[in-house]
Student: 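Okay, handing you the structure first.
Letters A, B, ... are given to chains in the order of the sequence lines, protein chains preceding strands, and every chain is numbered from 1.
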Amino acid sequence: EAQVTQNPRYLITVTGKKLTVTCSQNMNHEYMSWYRQDPGLGLRQIYYSMNVEVTDKGDVPEGYKVSRKEKRNFPLILESPSPNQTSLYFCASSLYGTNVLTFGAGSRLTVL
Amino acid sequence: SQQGEEDPQALSIQEGENATMNCSYKTSINNLQWYRQNSGRGLVHLILIRSNEREKHSGRLRVTLDTSKKSSSLLITASRAADTASYFCATDATSGTYKYIFGTGTRLKVLA
């Protein structure tokens, strides 16, 4: 089944403890992106990647890192999480040129 | 940065009625998309309309785009309880940065 898989789906952590949210897609999509969703703010783009080793900042990149070493994977790294990073995170991918995003099921992160 | 704003923020209708939601954006676009999100889950692509198109249909969905007013509307005809969800518009900048901008969404509730 064509899909975007995120892990973990739920995580409670503490301030400063590094964590990684993984994202993997099996559709050979070139484009991948991370969003966070907060009440009243909609989805805001954190980082995106046009292809392997090509990444760029979205609108809210502060406090996050990404890497794209393989086409299928696009992990989101929080080096030192803070409570304002408590949010619902979505990974999405797209076949270059189609503009249609396929989303993962989401990862709900709570930072205490 | 450009941002989509949906209107209304929330809408409650009876099953069988039509639901209309609107999206406004600020800058020129290549295309505009509509996505649906069931409570806390991943977004699902509904329909894409390009900047040179004025109207598009897909099943019970009808989308219009007015680039002179920088606005779009999504009409769901003969609504069903299963249409209960949040609906988001998303735009991409003409600069080709692949920075998709999502609106804050319209929460639709269809009463059986």
Student: Identify whether B:Y87 and B:L48 are in the same connected component of the hydrophobic contact network (ILVMFWY, side-chain heavy atoms under 4.5 Å).
Tutor: no

Student: When you look at A:D59 and B:I101, which way does the side chain to side chain contact (heavy atoms under 4.5 Å, CB included) test go after all the steps?
Tutor: CA-CA 9 Å; A:D59 290 319; B:I101 306 297; 3.3 Å; yes

Student: Would you say B:L43 and A:L43 make side-chain contact, with heavy atoms under 4.5 Å?
Tutor: yes

Student: Would you say B:R80 has more than 12 foreign heavy atoms packed within less than 6.0 Å of its CZ?
Tutor: no

Student: Measure B:R107 against the heavy atoms of chain A and call it side chain, backbone, both or neither at under 4.5 Å.
Tutor: neither

Student: With only heavy atoms counted, which part of A:Y89 is less than 4.5 Å from chain B, the side chain, the backbone, both or neither?
Tutor: neither

Student: Group every Ile, Leu, Val, Met, Phe, Trp and Tyr by side-chain heavy-atom contacts under 4.5 Å, then state whether A:V111 and A:V60 land in the same group.
Tutor: yes

Student: Would a 4.5 Å heavy-atom cut-off, applied to side chains only, mark B:V44 and A:F103 as touching?
Tutor: no

Student: Is B:L61 reachable from B:I49 through a run of I, L, V, M, F, W or Y residues, each pair having side-chain heavy atoms under 4.5 Å apart?
Tutor: yes

Student: Take B:Y100 and A:Y35 through the ring-ring contact (aromatic ring centres under 6.0 Å, His included) test and state the conclusion after the steps.
Tutor: CA-CA 10 Å; B:Y100 299 96; A:Y35 294 85; 7.7 Å; no

Student: Heavy atoms, side chains only, cut-off 4.5 Å: are B:D92 and A:N99 in contact?
Tutor: yes

Student: With heavy-atom distances below 4.5 Å as the criterion, would you say the side chains of A:L101 and B:H45 are in contact?
Tutor: no

Student: Answer with yes or no whether the hydrophobic clustering places A:F74 together with A:V52; edges join I, L, V, M, F, W, Y residues whose side-chain heavy atoms lie under 4.5 Å apart.
Tutor: no

Student: Select one option (side chain, backbone, both, neither) describing which atoms of A:Q6 are under 4.5 Å from chain B's heavy atoms.
Tutor: neither

Student: Which atoms of A:T98 come close to chain B, meaning under 4.5 Å heavy atom to heavy atom: side chain ones, backbone ones, both, or neither?
Tutor: backbone

Student: How long is the straight-line distance from CZ of A:R44 back to CZ of B:F102, given to the nearest 0.5 Å?
Tutor: 14.0 Å

Student: Count the heavy atoms belonging to other residues, nucleotides or ligands that lie under 6.0 Å from CD1 of A:I12, then report whether that count exceeds 12.
Tutor: no

Student: Is the number of heavy atoms from other residues, nucleotides or ligands within 6.0 Å of CD (B:E53) greater than 12?
Tutor: yes

Student: What I'd like to find out is whether the side chain of B:Q37 reaches to under 4.5 Å of the side chain of A:F90, using heavy atoms alone.
Tutor: yes

Student: A:Y47 and A:M50: same hydrophobic cluster, using ILVMFWY side-chain contacts below 4.5 Å?
Tutor: no

